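Below you'll find the structure, written out as structure tokens, and then a few comments.
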Amino acid sequence: EQLPMTVRKQAVNYMTWMCKAKPKLVLKYKFVEHFLHLCVTLLMESKDIEERSFDDNGENVDFVTATGIACDLLDEIFLNIPSETCFPLAIQAIEKLRTDENPSKRKSAFVIMAMMAEGCNLTISKGQTLSKLLHIAIKGIKDNDTYCRKCAFEALSQLCTHVADDMTKYHKMLLPEIFKAVECPNEDIRVIDKALNTIELFIDCFDDHIAKSDIDFKIEHYLDSIMATIVSWSI
């Protein structure tokens, strides 16, 4: 029988404290891989990335879910542990999990990708790393599992937020695939919501400076899809 989630959170809180206050200790004893493994285990317990827990009075308890605890620890890992250590381990985990037959493991891959976008943004921007991650995420938004698709869109949203300057060059790769998901008549409304948020964040990547330097991007190329989306979801 599992311990109460609040007790498990307290245990993980110690690990998050170690990442923030004692990162050298985490590195010395090679805890990063163990922490990541724990996060995957926690993520697999929850079906929904937005799952919430409630106390005896019916009140919402923030971050007292397996997913919330895992995301809290992942955030501190990627923000405080040097990218040269945590990023390769995260990529290995993503590559292994994303092709697993278990949808909970595939979901975990996209949650890790979403959580590392901020702390590892400089590393992601180097070479072909971003391109590889985007190809993985695009496969994720086509996954046959609803929650995998949601998490893949969340990963794309986080990349748009934290690697904005480099995302713009991939509009031909991303936008058509995102619009396909939005236009799918049988798609889950929660996935649609994530997809629309991704579109908004991606368009926000284009400030005046970037738009002038990227003459390949023309918003009018996507107006038909944008208007079709507005009309279909306004009815």
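These numbers come from a predicted model, not from an experiment.
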Least distance between heavy atoms, Met113 atom then Ile136 atom: CE-CG2, 3.7 Å
Let me check something: do Leu122 and Leu133 share a hydrophobic cluster, defined by ILVMFWY side-chain heavy atoms less than 4.5 Å apart, either directly or through other members? no
Side chain to side chain contact (heavy atoms under 4.5 Å, CB included) assessment of Gln158 paired with Glu118: CA-CA 8 Å; Gln158 292 300 315; Glu118 181 179 6; 5.8 Å; no
Looking at Arg149, Lys172, Lys142, which one forms a salt bridge (Lys or Arg N to Asp or Glu O under 4.0 Å) with Glu177? Lys142
Does any N or O in the side chain of Ser131 come within less than 3.5 Å of the main-chain N or O of Gln128, such that one atom is a donor and the other an acceptor? no
Is there a donor-acceptor contact under 3.5 Å from the side chain of Thr198 to the main chain of Phe153? yes
What I want to find out is whether Arg106 reaches Asp143 closely enough, with some N-O distance under 4.0 Å, to be called a salt bridge. yes
Parallel, tilted or perpendicular: which fits the ring planes of Phe31 and Phe35, with parallel below 30° and perpendicular above 60°? parallel
Please answer whether the main-chain N or O of Ala164 pairs with a side-chain N or O of Thr168 as donor and acceptor at a distance below 3.5 Å. no
Is there a donor-acceptor pair under 3.5 Å between the side chain of Lys20 and the backbone N or O of Glu76? no
Minimum-distance pair of heavy atoms, taken over all atoms of Gly119 and Ser83: O-OG, 3.6 Å
For the pair Leu97 and Ile112, evaluate side chain to side chain contact (heavy atoms under 4.5 Å, CB included) and give the outcome as yes or no after the intermediate values. CA-CA 10 Å; Leu97 294 166; Ile112 292 173; 4.1 Å; yes
Full working for side chain to side chain contact (heavy atoms under 4.5 Å, CB included) between Leu130 and Met167: CA-CA 8 Å; Leu130 178 57; Met167 286 290 287; 4.0 Å; yes
Examine distances only and state if a side-chain atom of Thr161 and a backbone atom of Ser157 form a donor-acceptor pair shorter than 3.5 Å. yes
Correct closest heavy-atom pair for Ala117 and Ile124 would be CA-CD1, 4.0 Å
Shared hydrophobic cluster, Leu201 / Ile141 (ILVMFWY, side-chain heavy atoms < 4.5 Å): no
Would the number of heavy atoms belonging to other residues, nucleotides or ligands and lying under 6.0 Å from CD of Glu84 be above 12? yes
Return the set of residues passing side-chain contact (heavy atoms from CB on, under 4.5 Å) with Pro176 (not counting sequence neighbours), or none when no residue passes. Tyr222
Heavy atoms of other groups near Glu33 CD, more than 12 under 6.0 Å: no
Phe110 versus Ala137, closest heavy-atom pair with distance: CE2-CA, 4.1 Å
Take Thr67 and Val111 through the test side chain to side chain contact (heavy atoms under 4.5 Å, CB included) and record every step on the way to the result. CA-CA 9 Å; Thr67 295; Val111 175; 5.5 Å; no
Can you get from Leu79 to Phe87 by hopping between Ile, Leu, Val, Met, Phe, Trp and Tyr side chains that sit under 4.5 Å apart? no
